[in-house]
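Positions are given from 1 along the sequence. From a predicted model like this one, the values you see are computed outputs, not experimental measurements.
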Amino acid sequence: MQVTFYGVRGSIPTPGPEYMKYGGNTACVHVELEDGTDIVLDAGTGIRVLGKKLAAKKTPINLLLSHNHWDHIQGFPFFIPIYQPGREINITPGMTKLEQPEAVVKQMSGSYFPVSKDVLASNILIKRIPYDITEWTLGSATIKRHPMNHPGGGSCYTIQEGDSKLAYITDNELYPPYKKDTDFLEFVEFAKNADLLIHDAQYVVKDMPAKLGWGHSVAEEAVKLALASFAKRLALYSHDPERTDKDIDEIVEDASVIIEIGGADAECFGAYEGQTLKI
């Protein structure tokens, strides 16, 4: 499978010269399977650019949402394929505590957006999969999901195609002060032997305890999960909007030192817009 990052920022888009290296668009990752199936993870502002690429195709688009917070759905109204007549778009909502499976579409109504969802020409299907179903087949891959630790809840995903495994765990607080939906060892099993682990790394130690309970992890905690799950590569993701390119470089450097001290072979990097990986 081929993985491309289109949005890597957390919370809010972040334009400006200090954010050029990693990018300022919010969450969106495109996965293209070997059989050509297109899977999109989240619909932050990064999905706008991805839409230009996918508009050239006629095949179905499969959108897996982690949850409905703005930075994960706000790019959807600008996604060109939703305006293409008859284009099939399958949306799997996140396992949120308050079930609002159509939130990504309903934002295009009322006073929120000038173009109504009622004029969309595409064939949008909201796939309301019961929460007790945690595994299904999509194209040539097996999708698994698991609850994430985040205010309001949501889903993290793994995509397994043959021997290749991607784990997408964003907006996840590994050690929250509130009741966990998933504990650390469950995440270890979920991400076990991933070729690529994409994990929330929005905070650093100095952000605590002020931001404890806000639903994001400290970068060092993401490294700990990568080591414990024997992930081959760790993509630090959901960069804080205050984090400049220089700041992220330093976080990656510190994380890499921890991995080296741990004696692991894992590669660690900060995810950036336009980055493409083959796994």
Side-chain angles (χ1 to χ4, degrees), residues 3-30 41-42 44-50 66 69-72 74-75 148 150 156 166-175 187 191 194-212 214-227 229 231-262 264-277 279:
V3 180
T4 304
F5 293 92
Y6 281 87
V8 300
R9 193 66 58 169
S11 300
I12 190 170
T14 311
E18 299 161 287
Y19 312 100
M20 294 290 287
K21 178 179 177 179
Y22 291 97
N25 279 303
T26 56
C28 182
V29 178
H30 177 226
L41 295 163
D42 278 326
T45 56
I47 202 172
R48 183 187 68 84
V49 176
L50 172 58
S66 59
H69 288 167
W70 285 344
D71 51 327
H72 293 261
Q74 63 193 159
M148 63 191 198
H150 195 69
C156 48
L166 166 68
Y168 180 77
I169 309 176
T170 190
D171 286 47
N172 182 53
E173 191 164 9
L174 285 166
Y175 298 100
F187 280 122
D195 295 281
L196 175 61
L197 168 59
I198 302 171
H199 197 283
D200 183 287
Q202 185 154 338
Y203 297 148
V204 292
V205 174
K206 68 180 181 181
D207 291 322
M208 299 300 168
K211 296 182 179 181
L212 186 66
W214 287 20
H216 298 279
S217 291
V218 170
E220 287 88 342
E221 296 169 349
V223 174
K224 180 181 176 181
L225 177 60
L227 293 176
S229 61
K232 295 180 179 66
R233 285 186 278 188
L234 170 63
L236 300 179
Y237 188 71
S238 189
H239 308 307
D240 192 89
E242 293 297 324
R243 221 72 74 201
T244 65
D245 291 337
K246 182 176 180 295
D247 293 333
I248 298 172
D249 284 343
E250 291 174 355
I251 291 170
V252 172
E253 184 178 348
D254 290 344
S256 298
V257 169
I258 294 172
I259 291 174
E260 184 178 354
I261 292 173
D265 293 327
E267 174 191 354
C268 178
F269 58 89
Y272 63 87
E273 286 181 32
Q275 182 179 18
T276 297
L277 302 168
I279 65 172

Identify the two heavy atoms, one from Asp71 and one from Ile12, that lie closest to each other, and give their separation to 0.1 Å.
-> CB-N, 4.4 Å

Just wondering, are more than 12 heavy atoms of other shown residues or ligands nearer than 6.0 Å to CD in Glu260?
-> no

Mind checking the SG-CG spacing from Cys268 to Leu227? Nearest 0.5 Å is all I need.
-> 9.5 Å

At what distance, to the nearest 0.5 angstrom, does CG of Asp207 lie from CZ of Arg243?
-> 5.0 Å

Report yes or no: does Tyr237 contribute a side-chain atom to a donor-acceptor pair with the main-chain N or O of Gly7 at less than 3.5 Å?
-> yes

Is the closest side-chain heavy-atom distance between Glu250 and Val204 below 4.5 Å?
-> no

From the list His216, His199, Gln202, Glu221, side-chain hydrogen bond (donor to acceptor under 3.5 Å, both in side chains) partner of Asn172 resolves to His199

So His150 and His69, would you call those rings parallel, tilted or perpendicular, with 30° and 60° as cut-offs?
-> tilted

So, do Arg233 and Phe269 sit near enough that their side-chain heavy atoms are less than 4.5 Å apart?
-> yes

For Ala167 and Ala194, which heavy atoms make the closest approach, and how far apart are they?
-> CB-CB, 4.2 Å

What do you reckon, is CE of Met208 surrounded by more than 12 foreign heavy atoms closer than 6.0 Å?
-> yes

Around atom CD of Glu267, are there more than 12 heavy atoms of other residues, nucleotides or ligands at under 6.0 Å?
-> yes

Do Thr170 and Ile198 come close enough that some side-chain heavy atom pair is under 4.5 Å?
-> no

Might you work through the side chain to side chain contact (heavy atoms under 4.5 Å, CB included) test for Ile169 and Leu197, ending with a clear yes or no?
-> CA-CA 8 Å; Ile169 309 176; Leu197 168 59; 3.9 Å; yes

Worked check of salt bridge (charged side-chain N to carboxylate O under 4.0 Å, His left out) between Lys224 and Glu220 = CA-CA 6 Å; Lys224 180 181 176 181; Glu220 287 88 342; over 6 Å; no

One should read off an interatomic distance between Asn25 CG and Tyr19 OH, to the nearest 0.5 angstrom, of 14.0 Å

Looking only at heavy atoms, the pair that brings Ala255 and Leu236 closest together is CB-CD1, 4.2 Å

Shortest non-hydrogen contact between Lys21 and Asp249, atoms and distance = NZ-OD1, 2.8 Å

Under 3.5 Å: donor-acceptor pair, side chain of Ser217, backbone of Leu174 = yes

Checking His72, Gln74, Arg9 against Thr26 for side-chain hydrogen bond (donor to acceptor under 3.5 Å, both in side chains), the one that qualifies is Gln74

Determine, step by step, whether Tyr6 and Ile47 satisfy the side chain to side chain contact (heavy atoms under 4.5 Å, CB included) criterion, reporting the C-alpha distance in whole Å, the side-chain angles of both residues, the deciding distance to 0.1 Å, and the verdict.
-> CA-CA 7 Å; Tyr6 281 87; Ile47 202 172; over 6 Å; no

What one should report as the nearest heavy-atom pair of Ala235 and Phe5 is CB-CZ, 3.9 Å

What heavy-atom pair brings Leu50 and Cys28 nearest, and what distance separates the two atoms?
-> CD2-SG, 4.0 Å

Candidate list Asp42, Asp200, Asp171, test side-chain hydrogen bond (donor to acceptor under 3.5 Å, both in side chains), partner Ser66, passing option = Asp42

Tyr22 and His239 aromatic ring geometry - parallel, tilted or perpendicular at 30°/60° bounds | perpendicular

To the nearest 0.5 Å, what is the distance between CH2 (Trp70) and OG (Ser11)?
-> 12.0 Å

